Amino acid sequence: MEPASAFLARALTTPLPASAALPRRRPARVSVAAAAPERKPPGAVASTTNYVVPLDAAPSGITRPLVEILRDLNKRVPDAIVRPPSRRASASDPVIPWYHANRMLSFYAPGWCGEVRDVIYTDSGKVTVIYRVTVRGTDGEVHREAAGTASLSDARFDDPVSAAEEAAFCKACARFGFGLYLYHEDETS
């Protein structure tokens with residue numbers, strides 16, 4: 001084992017012939033301005049206990065079959081992350097904020113991915129975003145798409161496209177069963 005590594009080390013340290021030398025470039029002058037980092041006491045770490053799913057508890061990699069992932073996504077969502085009707089400006093607002101849906105997907109379905117499939121502007125002053133969420137398991141992958149719409153003139157939104165994307169993302173997650181019961185709670189009571 002050792003003779004082979006010595007051979008490799010010798011081959012890698014052999015200088016290149018002059019004809020193979022790369023052209024030299026003059027170093028560019030770059031100015032970098034950076035803010036001073038936040039000072040923390042030695043040994044202090046950021047707390048993840050205020051999250052629904054702690055950052056350090058999420059598994060990494062695709063390790064489970066789809067049936068288990070989908071079963072977990074259909075579990076009841078913690079009440080702490082559900083937006084009450086009083087905090088939603090309209091019935092079309094997402095019931096669960098996108099960042100919580102993102103965190104829960106990362107916990108239950110590591111390796112998931114999402115993409116904007118289309119952005120459609122209408123003559124009536126609305127924007128619709130089509131979003132696809134793909135969940136990968138050890139036995140394959142499955143995707144769900146949904147649309148979200150926002151008015152371009154709605155003063156509640158700084159960015160109507162972003163608001164439409166959030167609605168589409170949350171609906172696509174609900175199509176996997178994540179918080180789906182929240183959209184139908186009024187009908188069951």
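Computed from a prediction, not measured in an experiment: that's the story for all the values here.
The shortest heavy-atom contact between A147 and A168 is C-CB, 3.8 Å. The shortest heavy-atom contact between G148 and A167 is CA-CB, 4.0 Å. In plain terms, the two heavy atoms of E165 and Y131 that are nearest each other are OE2-CE1, 3.7 Å. Looking at every heavy atom in both residues, A109 comes nearest to I69 through CB-CG2, 3.5 Å. For the residue pair V133 and A172, the shortest heavy atom distance occurs at CG2-CB, 3.7 Å. Pairing each heavy atom of P78 with each of V82, the nearest pair is O-CG2, 3.7 Å.
Here the side chains of V116 and V119 are in contact, with some heavy-atom distance below 4.5 Å.
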Could you walk me through whether I81 and Y99 pass the side chain to side chain contact (heavy atoms under 4.5 Å, CB included) check?
CA-CA 10 Å; I81 69 169; Y99 46 90; over 6 Å; no
Please walk me through it: do D72 and F107 pass side chain to side chain contact (heavy atoms under 4.5 Å, CB included)?
CA-CA 10 Å; D72 286 343; F107 181 73; over 6 Å; no
Steps toward side chain to side chain contact (heavy atoms under 4.5 Å, CB included) verdict (W112, T134)
CA-CA 6 Å; W112 73 275; T134 303; over 6 Å; no
Checking side chain to side chain contact (heavy atoms under 4.5 Å, CB included) for the pair R144/V142: CA distance, chi angles, key distance, verdict?
CA-CA 7 Å; R144 301 284 185 266; V142 63; 3.0 Å; yes
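Qualifying salt bridge (charged side-chain N to carboxylate O under 4.0 Å, His left out) partners for D154, counting only residues two or more places apart in sequence or in other chains: R156.
Within the model, atoms CD1 of I130 and OG1 of T149 stand 7.5 Å from one another, a figure rounded to the nearest 0.5 Å. R175 contributes atom CZ, which lies 10.0 Å from atom CG of L180 (distance to the nearest 0.5 angstrom). Distance check: T128 OG1 to D118 CG gives 9.0 Å after rounding to the nearest 0.5 Å. Note that the CZ atom of F169 and the CD atom of E115 stand 13.0 Å from one another [nearest 0.5 Å]. Interatomic distance, CZ of R64 versus CZ of R136, reported as 16.0 Å (0.5 Å rounding). With values rounded to the nearest 0.5 angstrom, C173 atom SG is found 11.0 Å from M104 atom CE.
Using a 4.5 Å cut-off between side-chain heavy atoms of Ile, Leu, Val, Met, Phe, Trp and Tyr, with links allowed through other members, I120 and L152 fall into different hydrophobic clusters.
Residues in residues 122-133 take part in these salt bridge (charged side-chain N to carboxylate O under 4.0 Å, His left out) pairs, two or more places apart or across chains: R132-E145.
Partner of Y108 under the side-chain contact (heavy atoms from CB on, under 4.5 Å) criterion, out of N74, V135, L73: L73 alone.
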